[in-house]
Amino acid sequence: MALRLVRLVVGLVLFGVGTAITVRAGIGLDPWTVLAQGLSQQTGIGIGWITNIVGFLVMLLWIPLRQRPGIGTIGNILLVGTSIQLTLPLLPAVEGFLVQVAVFVAGVVVVAAASGLYIGAHLGPGPRDGLMTGLHDRFGWPLWACRFGVEATVLLAGWLLGGTVGLGTVLFAVLIGPLVHLALRWMERPARPPATAPEPSS
């Protein structure tokens, strides 16, 4: 259990670091961060703190869906946005389109590796993923349709509020699934058993 908690905390903190890197790249964001950025611009509240607030509000939507949060759900709400908020001031400005793309892709890789850590801890989904699986379980809609509907709505709302939609948004959508799949396979692969000496023949 202790190792799972360590994986959860490290994964969630790294998830925030990776997200902050994508924000600093400035070429577009994933749907939920577009929403957080738009709300941040409209309210003056830091994007990381907005991420925490949105996570909490999304978790409240679990109530009619009869979903139960886990330790990972609460940790997600508390740690990801805080990590974003604390990391952003430490990151230098990024200039030059190719450099921006490279920095963004690096951020997505960090997010994927972090996802492998915290998902592999099996301590409960994040509030946003739980919303989509809750819609699937409650209404029987295909999971892909739930994800597409929620993220498209969130992306449109964030864009209307002033969040950044661009090449990074497309790159995130294309890269995150395969990279998380690779990260999960790497994190959950069985340990190689130690070599043993051959038994003497009789």
Side-chain angles (χ1 to χ4, degrees), residues 1-25 29-33 36 46-62 65 67-91 103-134 136-137 143 146-147 150-151 154 168 171-195:
M1 182 65 174
L3 179 58
R4 291 167 66 195
L5 283 172
V6 170
R7 287 184 62 170
L8 175 72
V9 172
V10 172
L12 292 174
V13 170
L14 282 178
F15 194 101
V17 171
T19 302
I21 293 171
T22 65
V23 172
R24 185 60 77 221
L29 298 164
D30 67 275
W32 287 102
T33 310
I47 186 173
W49 306 134
I50 288 288
T51 298
N52 288 348
I53 294 168
V54 168
F56 174 74
L57 294 176
V58 169
M59 189 182 68
L60 294 182
L61 296 176
W62 288 24
L65 298 174
Q67 295 284 95
R68 293 184 179 181
I71 296 173
T73 313
I74 305 302
N76 188 294
I77 292 170
L78 296 176
L79 294 177
V80 172
T82 303
S83 178
I84 294 171
Q85 194 66 34
L86 297 179
T87 301
L88 274 173
L90 305 178
L91 299 175
V103 168
F104 184 89
V105 171
V108 176
V109 170
V110 174
V111 167
S115 299
L117 279 171
Y118 88 78
I119 293 172
H122 302 294
L123 290 173
R128 298 155 186 83
D129 287 335
L131 172 63
M132 290 176 253
T133 56
H136 167 72
D137 293 340
L143 192 56
C146 296
R147 178 175 293 277
V150 169
E151 293 191 346
V154 165
L171 287 175
F172 190 92
V174 171
L175 296 175
I176 193 62
L179 288 175
V180 170
H181 177 71
L182 289 174
L184 284 170
R185 287 184 61 186
W186 178 262
M187 301 295 178
E188 296 186 346
R189 64 178 182 169
R192 179 178 298 177

Undergrad: Is there a side-chain contact between Val9 and Leu79, using heavy atoms and a 4.5 Å cut-off?
TA: yes
Undergrad: Just so I know, are the side chains of Ile119 and Leu184 near enough to count as touching, which here means a heavy-atom distance under 4.5 Å?
TA: yes
Undergrad: Hey, could you give me the NE2/CG distance between His136 and Leu131, rounded to the nearest 0.5 Å?
TA: 13.5 Å
Undergrad: Would you indicate whether the side-chain heavy atoms of Leu78 and Asn52 approach each other to under 4.5 Å?
TA: no
Undergrad: Less than 4.5 Å apart, any side-chain heavy atom of Phe104 and any of Arg24?
TA: no
Undergrad: Could you walk me through whether Ile176 and Asp30 pass side-chain contact (heavy atoms from CB on, under 4.5 Å), step by step?
TA: CA-CA 10 Å; Ile176 193 62; Asp30 67 275; over 6 Å; no
Undergrad: If you look at every heavy atom in Tyr118 and Phe15, which pair is closest and at what distance?
TA: CE2-CD1, 3.8 Å
Undergrad: Do the side chain of Thr133 and the main chain of Gly130 share a donor and acceptor less than 3.5 angstrom apart?
TA: yes
Undergrad: Supply the atom-to-atom distance Leu3 CG to Leu8 CG, rounded to the nearest 0.5 angstrom.
TA: 11.5 Å
Undergrad: Mind listing the closest non-hydrogen atom pair of Ser83 and Val17 along with its distance?
TA: OG-N, 3.3 Å
Undergrad: Could you tell me which non-hydrogen atom of Gly126 sits nearest to which non-hydrogen atom of Asn76, and how far apart they are?
TA: CA-ND2, 3.7 Å
Undergrad: List the residues meeting side-chain contact (heavy atoms from CB on, under 4.5 Å) with Thr73, not counting sequence neighbours, and say none if there are none.
TA: Met59, Trp62, Pro69, Pro125, Pro127
Undergrad: Quick one: CD1 on Ile21 to CD1 on Ile84, what's the gap to the nearest 0.5 Å?
TA: 11.0 Å
Undergrad: Verify, without hydrogens or angle tests, whether Arg147 (side chain) and Met132 (backbone) share a donor-acceptor contact under 3.5 angstrom.
TA: no
Undergrad: Output, in order, the C-alpha distance, side-chain angles, deciding distance and verdict of side-chain contact (heavy atoms from CB on, under 4.5 Å) for Asp137 and Leu65.
TA: CA-CA 8 Å; Asp137 293 340; Leu65 298 174; over 6 Å; no
Undergrad: Just wondering, do Thr82 and Trp49 contact through their side chains at under 4.5 Å, heavy atoms?
TA: yes
Undergrad: Under a 4.5 Å cut-off applied to non-hydrogen side-chain atoms, are Ile71 and Met1 in contact?
TA: yes
Undergrad: Would you say Val108 and Leu171 make side-chain contact, with heavy atoms under 4.5 Å?
TA: no
Undergrad: Measure the spacing between CD1 of Ile47 and CD1 of Ile50 and express it to the nearest 0.5 Å.
TA: 9.0 Å
Undergrad: So how far is it from Asp129 CG to Trp32 CH2, rounded to the nearest 0.5 Å?
TA: 9.5 Å
Undergrad: Between Ala114 and Gly11, which heavy-atom pair has the shortest distance, and what is it?
TA: CB-O, 3.1 Å
Undergrad: If you look only at pairs with a residue in residues 1-23, which of them pass as a side chain to side chain donor-acceptor pair (under 3.5 Å), with sequence neighbours excluded?
TA: none
Undergrad: Measuring only between side-chain heavy atoms, which start at C-beta, is Leu179 closer than 4.5 Å to Val111?
TA: no
Undergrad: Closest approach of Ala20 and Leu88, non-hydrogen atoms and distance?
TA: O-CD2, 3.6 Å
Undergrad: Take Phe56 and Leu60 through the test side-chain contact (heavy atoms from CB on, under 4.5 Å) and record every step on the way to the result.
TA: CA-CA 7 Å; Phe56 174 74; Leu60 294 182; 3.9 Å; yes
Undergrad: Of the non-hydrogen atoms in Gly75 and Leu12, which two are nearest, and what is the gap between them?
TA: C-CD1, 3.3 Å
